[in-house]
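Written below as structure tokens is the structure these notes are about.
Hydrogens, waters and symmetry mates play no part in the numbers below; they use all other heavy atoms, side chains included.
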Amino acid sequence: DKSWPENYIHAVQSHGWKLCSDVEPTEKMEKVLYTIDELTGLISAVALVRPSKSVLDMDAKSVKKKWKQKGFAAGVSRNVIEEGAAMLGMDLNYIIQETIKGMQDVAEEIGLKGEL
């Protein structure tokens with residue numbers, strides 16, 4: 001189907017770069033998507049093991065603590081997240097915190113409101 005703009009197709013393909021695609025992210029939006037696709041998985045896993053089962057009471061420190069545990073959410077590529085942060089020229093802690101904020105805004109819709 002030729003109805004989708006080429007830049008949309010490139011964005012979807014590039015978010016799996018080095019995981020399931022050889023299409024490199026080039027635009028800022030593509031780099032953000034590449035970075036936070038893996039990161040949202042890690043944040044979700046962290047939320048689900050919290051007593052509250054929620055993203056609403058989470059901060060970057062909580063994610064970084066679990067980040068260091070290689071067995072935790074082992075399917076999440078920390079290298080992809082770090083590489084994405086570097087491609088964006090942004091601090092990893094800032095990206096983690098901003099991603100948490102974004103997920104907090106839609107916590108109920110994504111099933112991470114938990115007990116709060």
Side-chain angles (χ1 to χ4, degrees):
D1 184 359
K2 301 264 185 206
S3 63
W4 289 99
E6 190 59 38
N7 62 329
Y8 284 26
I9 295 168
H10 192 271
V12 170
Q13 290 175 322
S14 70
H15 96 279
W17 184 48
K18 295 186 179 178
L19 297 171
C20 61
S21 166
D22 60 356
V23 178
E24 184 174 352
T26 54
E27 301 298 321
K28 184 174 183 176
M29 182 265 304
E30 295 170 352
K31 293 174 184 177
V32 169
L33 182 58
Y34 172 73
T35 306
I36 68 167
D37 184 41
E38 289 290 296
L39 181 55
T40 56
L42 181 61
I43 292 170
S44 296
V46 172
L48 293 173
V49 298
R50 296 173 65 77
S52 65
K53 305 270 191 264
S54 177
V55 72
L56 295 174
D57 60 348
M58 185 187 300
D59 59 18
K61 183 178 175 185
S62 302
V63 176
K64 290 295 284 210
K65 188 186 231 182
K66 291 291 190 184
W67 177 289
K68 296 174 185 171
Q69 298 175 16
K70 296 301 176 197
F72 181 81
V76 172
S77 174
R78 277 88 162 150
N79 290 339
V80 165
I81 300 167
E82 290 170 338
E83 186 172 11
M87 285 191 313
L88 289 164
M90 299 173 81
D91 177 69
L92 183 59
N93 288 323
Y94 175 77
I95 292 172
I96 293 170
Q97 193 59 50
E98 289 301 302
T99 304
I100 290 169
K101 285 181 191 175
M103 293 174 75
Q104 288 171 336
D105 289 344
V106 294
E108 189 159 4
E109 292 88 342
I110 61 174
L112 293 176
K113 184 178 178 190
E115 307 294 322
L116 299 178

- Once you round to the nearest 0.5 Å, how far does CG of L116 lie from CZ of R50? 8.5 Å
- Hey, could you give me each pair passing side chain to side chain donor-acceptor pair (under 3.5 Å) that has a residue in residues 5-14? Not counting sequence neighbours. H10-E30
- Note on the structure: Residues pairing under salt bridge (charged side-chain N to carboxylate O under 4.0 Å, His left out) where one sits in residues 32-45, two or more places apart or in two chains, turn out to be none
- Task: Kindly write out the residues that satisfy side-chain contact (heavy atoms from CB on, under 4.5 Å) with A86, not counting sequence neighbours, or none if the list is empty.
- Result: none
- Item | Main-chain N/O of M58 paired with S62 side-chain donor or acceptor, under 3.5 Å | no
- Task: May I have the step-by-step check of side-chain contact (heavy atoms from CB on, under 4.5 Å) for V80 and W17, ending in yes or no?
- Result: CA-CA 9 Å; V80 165; W17 184 48; over 6 Å; no
- L39 and F72: same hydrophobic cluster, using ILVMFWY side-chain contacts below 4.5 Å? yes
- Item | Pairs satisfying side chain to side chain donor-acceptor pair (under 3.5 Å), at least one member in residues 69-89, at least two apart | K18-E83, Y34-E83
Please tabulate, for the side chains in residues 92-107, all donor-acceptor contacts under 3.5 angstrom to protein atoms that are two or more places apart in sequence or on a different chain.
from	atom 1	to	atom 2	distance (Å)
Q97	OE1	A60	N	2.9
E98	OE2	K101	NZ	3.1
T99	OG1	I95	O	2.7
Q104	NE2	V55	O	3.0
Q104	NE2	L56	O	3.3

- Task: Consider only side-chain heavy atoms of I, L, V, M, F, W and Y, link residues closer than 4.5 Å, and tell whether L33 and L88 are in one cluster.
- Result: no
- Query: Would a distance-only check, ignoring hydrogens and angles, find a side-chain to backbone donor-acceptor pair under 3.5 Å from S54 to K113?
  - Reply: yes
- Heavy-atom side-chain proximity of K66 to V49 below 4.5 angstrom: yes
- Output all residues satisfying side chain to side chain donor-acceptor pair (under 3.5 Å) with S52, sequence neighbours left out; order by chain, then residue number. D57
- Under the side-chain contact (heavy atoms from CB on, under 4.5 Å) rule, what do V23 and V12 come out as? Steps first, then yes or no, please. CA-CA 9 Å; V23 178; V12 170; over 6 Å; no
- Task: Report the C-alpha separation of V76 and W67 in whole Å, then their side-chain angles, then the decisive distance to 0.1 Å, and conclude whether the side-chain contact (heavy atoms from CB on, under 4.5 Å) test is met.
- Result: CA-CA 10 Å; V76 172; W67 177 289; over 6 Å; no
- Over 12 non-hydrogen atoms of neighbours within 6.0 angstrom of NZ in K65: no
- Task: Determine whether more than 12 heavy atoms belonging to other residues, nucleotides or ligands lie under 6.0 Å from atom CD of E108.
- Result: no
- How long is the span from the CD1 atom in I36 to the CD1 atom in I81, to the nearest 0.5 Å? 10.5 Å
